[in-house]
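Here the structure is laid out as structure tokens; the discussion comes afterwards.
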Amino acid sequence: MTYGEAYQMGYVQLENSEIKEAKLDARLLLEFICDTNRNDLLVHPEREITAEQEIKYFQCIERRATCEPLQYITGEQEFMGLTFLTDPSTLIPRQDTETLVEEVLLHLHDGMEILDVCTGSGCILLSLLKYSNDCIGVGCDLNPDAVLLAKKNAEMLGLDATFVQSDLFEHIEGKYDMIVSNPPYVETAVIETLDMVVKGYEPHTALDGGADGLDFYRRLVTQAKPFLRKEGMLFFEIGYNQAESVSRLLAEAGYIEVTVKKDLAGLDRVVYATYMELTI
């Protein structure tokens, strides 16, 4: 079978399974299996692929046809210009979350200490460490498999970070200049309405933010205080309709300079604030 024939058969199978990006996904999976790039399909469609490549490719196509995320099949996803390992223990890094990283970087100075709560794959913390100098980073997650994945990503990227299994701040020590978090924030009832790629494969524990989606924000704004230095900053990713509610939680908890930032789609995506430790 030629490269071009495999691609055509792959995307037809995905189209028949009503996969939205059938042609793109078929090409990306072929490139993944054959270790090729986009030009190969244009320049060398007549090239023969091996029997082993053919078998592996159509196994991947069958998995994608069931709506399994492409990133779980290939085991990787690009985020902030870096490649991260992915697996079903964590959410897939998303472009929306780059807004959070970019906003934190605007306030991050060399040598700061950062805590990433609900770290998942570690993509937020590791991106911050990659694009800063001499910062110290700790990430925590309730899921021990996520912690293991984050450690693998740190090793792959050659970055020095500490990752611990912890229910929010349960096993965290010390104080930090910045605490960042992309916590579960989807309303429980909404999860079943999400695309099958999300609700069928990504971990619900990393999605479910309770009845109103705010459960973790309520815990975080209160529990973060003992771990923030004076004038330390707390950054959250939020759902598109949560800016007002999360801002109110921060203000009521005594944080100042509460600020909302939008993502590239013009939707509210980040809320951050400053902690002023009371002194007597």
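The analysis underlying the following values was restricted to heavy atoms, covering all of them including side chains, and did not include hydrogens, waters or symmetry mates. Being a predicted model, the structure only gives us computed values, none of them experimental.
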Could you grab the distance from atom [atom1] of [X] to atom [atom2] of [Y], nearest 0.5 Å is fine?
{"X": "E54", "Y": "E48", "atom1": "CD", "atom2": "CD", "answer": "9.5 Å"}
{"X": "M9", "Y": "Y57", "atom1": "CE", "atom2": "OH", "answer": "9.5 Å"}
{"X": "E237", "Y": "T99", "atom1": "CD", "atom2": "OG1", "answer": "7.5 Å"}
{"X": "I191", "Y": "K199", "atom1": "CD1", "atom2": "NZ", "answer": "11.0 Å"}
{"X": "M112", "Y": "I136", "atom1": "CE", "atom2": "CD1", "answer": "12.0 Å"}
{"X": "T90", "Y": "Q77", "atom1": "OG1", "atom2": "CD", "answer": "10.5 Å"}

Heavy-atom side-chain contact between [X] and [Y] under 4.5 Å:
{"X": "P88", "Y": "P203", "value": "no"}
{"X": "Y3", "Y": "P45", "value": "no"}
{"X": "Y272", "Y": "L234", "value": "no"}
{"X": "L142", "Y": "S166", "value": "no"}
{"X": "P184", "Y": "L207", "value": "no"}
{"X": "I49", "Y": "C34", "value": "yes"}
{"X": "V270", "Y": "I238", "value": "no"}
{"X": "C67", "Y": "Y201", "value": "yes"}

Before giving the answer on salt bridge (charged side-chain N to carboxylate O under 4.0 Å, His left out), spell out for E155 and K151 the whole-Å C-alpha distance, their side-chain angles and the decisive distance to 0.1 Å. CA-CA 6 Å; E155 181 179 0; K151 289 179 178 179; over 6 Å; no
Do other residues, nucleotides or ligands put more than 12 heavy atoms under 6.0 Å from [X] [atom1]?
{"X": "E170", "atom1": "CD", "result": "yes"}
{"X": "E15", "atom1": "CD", "result": "yes"}
{"X": "L264", "atom1": "CG", "result": "no"}
{"X": "E46", "atom1": "CD", "result": "yes"}
{"X": "M1", "atom1": "CE", "result": "yes"}
{"X": "N37", "atom1": "CG", "result": "yes"}

Looking only at heavy atoms, which two atoms of [X] and [Y] are closest? And how far apart?
{"X": "A161", "Y": "L129", "answer": "CB-CD1, 3.7 Å"}
{"X": "S127", "Y": "F84", "answer": "OG-CZ, 3.7 Å"}
{"X": "T193", "Y": "V190", "answer": "OG1-O, 2.6 Å"}
{"X": "A150", "Y": "G120", "answer": "CB-O, 3.7 Å"}
{"X": "S121", "Y": "L126", "answer": "O-CD1, 4.5 Å"}
{"X": "C140", "Y": "I172", "answer": "CB-CD1, 3.9 Å"}

Parallel, tilted or perpendicular: which one describes the rings of Y185 and Y217, with boundaries at 30° and 60°?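 Judged by the thresholds at 30° and 60°, the geometry between Y185 and Y217 is parallel.
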Here's one to test your reading of the geometry: is the NZ or CZ of K175 within 45 degrees of the ring axis of F227 and under 6.0 Å from its centre?
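Here K175 fails the 6.0 Å and 45° test against F227.
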Sub-3.5 Å donor-acceptor pair from the side chain of [X] to the main-chain atoms of [Y], do we have one?
{"X": "E62", "Y": "Q59", "answer": "no"}
{"X": "E98", "Y": "M80", "answer": "yes"}
{"X": "T86", "Y": "Q71", "answer": "yes"}
{"X": "N16", "Y": "V12", "answer": "yes"}
{"X": "D268", "Y": "A243", "answer": "no"}
{"X": "H171", "Y": "V164", "answer": "no"}
{"X": "S132", "Y": "C135", "answer": "no"}
{"X": "T188", "Y": "G210", "answer": "yes"}
{"X": "D141", "Y": "A146", "answer": "no"}
{"X": "R64", "Y": "E68", "answer": "yes"}

Indicate yes or no: does [X] engage [Y] in a salt bridge with an N to O separation below 4.0 Å.
{"X": "E31", "Y": "R27", "result": "yes"}
{"X": "R94", "Y": "D263", "result": "no"}
{"X": "K56", "Y": "E52", "result": "yes"}
{"X": "R269", "Y": "E103", "result": "no"}
{"X": "D87", "Y": "K152", "result": "no"}
{"X": "R218", "Y": "D212", "result": "yes"}

Under a single-linkage definition using a 4.5 Å side-chain heavy-atom cutoff for Ile, Leu, Val, Met, Phe, Trp and Tyr, are [X] and [Y] assigned to the same hydrophobic cluster?
{"X": "I179", "Y": "L100", "result": "no"}
{"X": "L28", "Y": "L30", "result": "yes"}
{"X": "F236", "Y": "L115", "result": "yes"}
{"X": "L85", "Y": "L91", "result": "no"}
{"X": "V101", "Y": "Y176", "result": "no"}

TODO: Determine, stepwise, if the pair Y275 / K230 fulfils side chain to side chain contact (heavy atoms under 4.5 Å, CB included).
DONE: CA-CA 6 Å; Y275 173 58; K230 185 178 181 180; over 6 Å; no
Worksheet item: Is it the case that S247 and Y255 place a side-chain donor and acceptor less than 3.5 Å from each other?
Response: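 No, because no side-chain N or O of S247 sits under 3.5 Å from a partner of the opposite role on Y255.
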For this session: State whether a side-chain donor-acceptor pair under 3.5 Å links T83 with E78.
Result: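 Checked: T83/E78 side chains show no N/O donor-acceptor pair below 3.5 Å.
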Mind running side chain to side chain contact (heavy atoms under 4.5 Å, CB included) on L125 and V180 for me, showing each step along the way?
CA-CA 8 Å; L125 178 62; V180 301; 5.9 Å; no
**OP:** Report the C-alpha separation of C123 and N153 in whole Å, then their side-chain angles, then the decisive distance to 0.1 Å, and conclude whether the side chain to side chain contact (heavy atoms under 4.5 Å, CB included) test is met.
**Re:** CA-CA 8 Å; C123 65; N153 277 319; over 6 Å; no
Between Y7 and Y11, is the ring centre distance below 6.0 Å?
->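 Yes; Y11 has its ring centre under 6.0 Å from that of Y7.
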_Stepwise side chain to side chain contact (heavy atoms under 4.5 Å, CB included) test for Y72 and E202_ = CA-CA 9 Å; Y72 288 161; E202 296 195 75; 3.5 Å; yes
